[in-house]
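Below is one structure, written out as structure tokens; the observations come after it.
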Amino acid sequence: MIINHPLLGPRDSAEFTYLGDARLIDRPDWQSQTAARDFYEYGYLRENPAGWHEELWFHEAGDRSWLVVTRNTVTHEISKVEMARDVARKRGRST
Amino acid sequence: MRYSGLRVIKEALTGHKGWQPAWRDPEPQAAYDIVIIGGGGHGLATAYYLAKEFGQKRIAVLEKGWIGGGNVGRNTTIIRSNYLLDGNEPFYEFSLKLWEGLEQDFNYNAMISQRGILNLIHSDAQRDAFTRRGNAMILNGADAEMLSTEQIKARYPFLNTDDARFPIKGGLAQHRGGTVRHDAVAWGYARGADSHGVDIIQNCEVTGFRIANGKCTGVETTRGFIGAGKVGCAVAGSSSRLMSHAGMRLPMESHVLQAFVSEGLKPVLPGVITFGAGHFYCSQSDKGGLVFGGDIDGYNSYAQRGNLPVVEDVCEGGMAIFPSFGRARLLRMWGGIMDMSMDGSPIIDRTETEGLYFNGGWCYGGFKATPASGYCFAHLLAKDAPHPTATAYRFDRFEKGRMIDEKGMGNQPNLH
């Protein structure tokens, strides 16, 4: 697979390591009344779709940036690659 | 019809005109007591034991394609019970014991060959870990033996015990481990289940569950609604997709695992050998092909094919331990979809929906578990209580912190 890095252009996926569902950006509020349940769901439950999937990839053998890659889990087609930092900022998760 | 040597001779003398199809091809009935979704090894074994051991009637197995077309036909055929943790080892040892009597039990030649499995040791730390594991195996009634480098040299003279890049410092052997003709397992269980009255319905995909007031009353399929007193799901690889119809999110991701077979060679490799300094394991099939595999590809996938970087990684591991295999040509490679669970261990449990039961999360170790998985799932379905060897395989173990994490990797499915 080729991942089209927003800063570096097309890179071999072998340069990356994979973390998983990009919902891992949305860390629950630890002070919430439902925090225990929220963290269980955050830590362990996954949608695991057959089809389009937003996921976190780490450019370990490159510029060490985190990316959010929108990839089809059936065809391996990649439709969108964003900096995870930008995605997190848009969701109010980072400054 | 019972198969026997006498029967083979009789048929040979009479032009092989007496053989019958090994199972029927029935039309689905309107309702069953128990419906098993998934006509793979685990689903067929479940139906077989439900009918034979637990005296259940009116059972159907629903399969979206043809039986045995999923992971039971896409694995590396190894059986073993060399696990460490209390939640796992009794279960896998139960499975190995069932394997040992399976061919007589279901009257089918599954070519079970207890040629032994050897896990190589390359460092002191690894020896400590394998000693501990071997002791855990023995405590749970399995067999285990630590082999010295000299013993390995005597038994496997083709291994480089002198000056290899990763020196061989010993090994953990389980002599009762081995290999099985994987397709025959599906066929044997299918024939056995059919002979006990189970309807095996192929080309019948489940498209939804009918759930009313928190109770599952049947399944919607491509061949119409089928009512059911109880529904058991055994569709590892597609578990998340199926259970999403019941509104469930599962503690697992689907990943692709590749396996490989070389051209047929004369006997060169007795038993199963695993490399300890990389992820590579190999056995030789009865046809002569070297059957080997390694890591999963590492990212969510529902494509039953893999990518080349893992092929390279697996072959590097193979060349490090068996340089002579570099001359063999690769004949076939394939990928299967694994339920990679959050702790690397499976789930055999009830769901929050009454009458709906789940069996999955087998990661890439489901084949060896087939008999015990079927037996324990049948036990759960028939008695509504877990089998004594499968009490730890619960959904709520993640919420309660009772993970069964053999590798100690945490909630990162691609590392198990």
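Here is how names work: the chains are called A, B, and so on, in the same order as the sequence lines, proteins then strands, and each is numbered from 1. Both backbone and side-chain heavy atoms feed into the values below; hydrogens, waters and symmetry mates do not.
- Interface remark: B/Arg249 contributes backbone and side-chain atoms alike to the contact with chain A (heavy atom separation under 4.5 Å).
- Side-chain N or O atoms of B/Asn300 include none that pairs as donor or acceptor with a backbone N or O of A/Thr73 at under 3.5 Å.
- In this structure, a donor-acceptor pair under 3.5 Å is absent between the side chains of B/Asp396 and A/Tyr40.
- At a 4.5 Å heavy-atom cutoff, B/Ser244 makes no contact with chain A through either its backbone or its side chain.
- The number of heavy-atom neighbours closer than 6.0 Å to CZ of B/Arg402, taken from other residues, nucleotides and ligands shown, is 12 or below.
- Under the 30°/60° scheme for interplanar angles, the aromatic rings of B/Phe398 and A/Tyr44 are found to be tilted.
- With contacts defined as side-chain heavy-atom distances shorter than 4.5 Å, the pair A/Met1/B/Asn307 qualifies.
- With chain B as the partner, the residue from A/Pro49, A/Ala50, A/Ala14 showing the most heavy-atom pairs under 4.5 Å is A/Ala50.
- For the pair A/Gly20 and B/Glu253, the tightest heavy-atom approach, listed with the atom from each and the gap, is CA-OE2, 4.2 Å.
- Ranked by heavy-atom pairs under 4.5 Å with chain A, the list B/Ser238, B/Gly410, B/Ala303 is led by B/Ala303.
- For A/Val74 against B/Tyr302, the heavy-atom pair with the smallest separation is CG2-CB, 4.1 Å.
- Judged by distance alone, with hydrogens and angles left aside, the side-chain atoms of B/Asn411 form a donor-acceptor pair with the main-chain N or O of A/Gly43 at under 3.5 Å.
- Put simply, the side chain of B/Gln412 gets close to the backbone of A/Leu19: a donor and an acceptor are under 3.5 Å apart.
- Residues A/His76 and B/Arg305 share a closest heavy-atom pair of ND1-NH1, 3.8 Å.
- Counted within 6.0 Å of CZ on B/Arg394, heavy atoms from surrounding residues, nucleotides or ligands total 12 or fewer; the atom is thus considered open.
- Other residues, nucleotides and ligands place more than 12 heavy atoms under 6.0 Å from the CZ atom of B/Arg223.
- Only the side chain of B/Met403 comes within contact range of chain A, with at least one heavy atom under 4.5 Å from a heavy atom of that chain.
- Remark: A/Trp52 CH2 is packed, more than 12 non-hydrogen atoms of other residues, nucleotides or ligands lying under 6.0 Å away.
- Here the rule is ring-ring contact (aromatic ring centres under 6.0 Å, His included) with B/Tyr299, and of A/Phe58, A/Phe16, A/Trp57 only A/Trp57 fits it.
- Annotation: A/Lys80, atom NZ; neighbour count of heavy atoms from other residues, nucleotides and ligands within 6.0 Å does not exceed 12.
- Between the CE atom in B/Met342 and the CG atom in A/Leu45 there is a gap of 7.5 Å [rounded to 0.5 Å].
- With respect to chain B, the highest number of heavy-atom pairs below 4.5 Å among A/Arg71, A/Arg37, A/Glu41, A/His53 belongs to A/Arg71.
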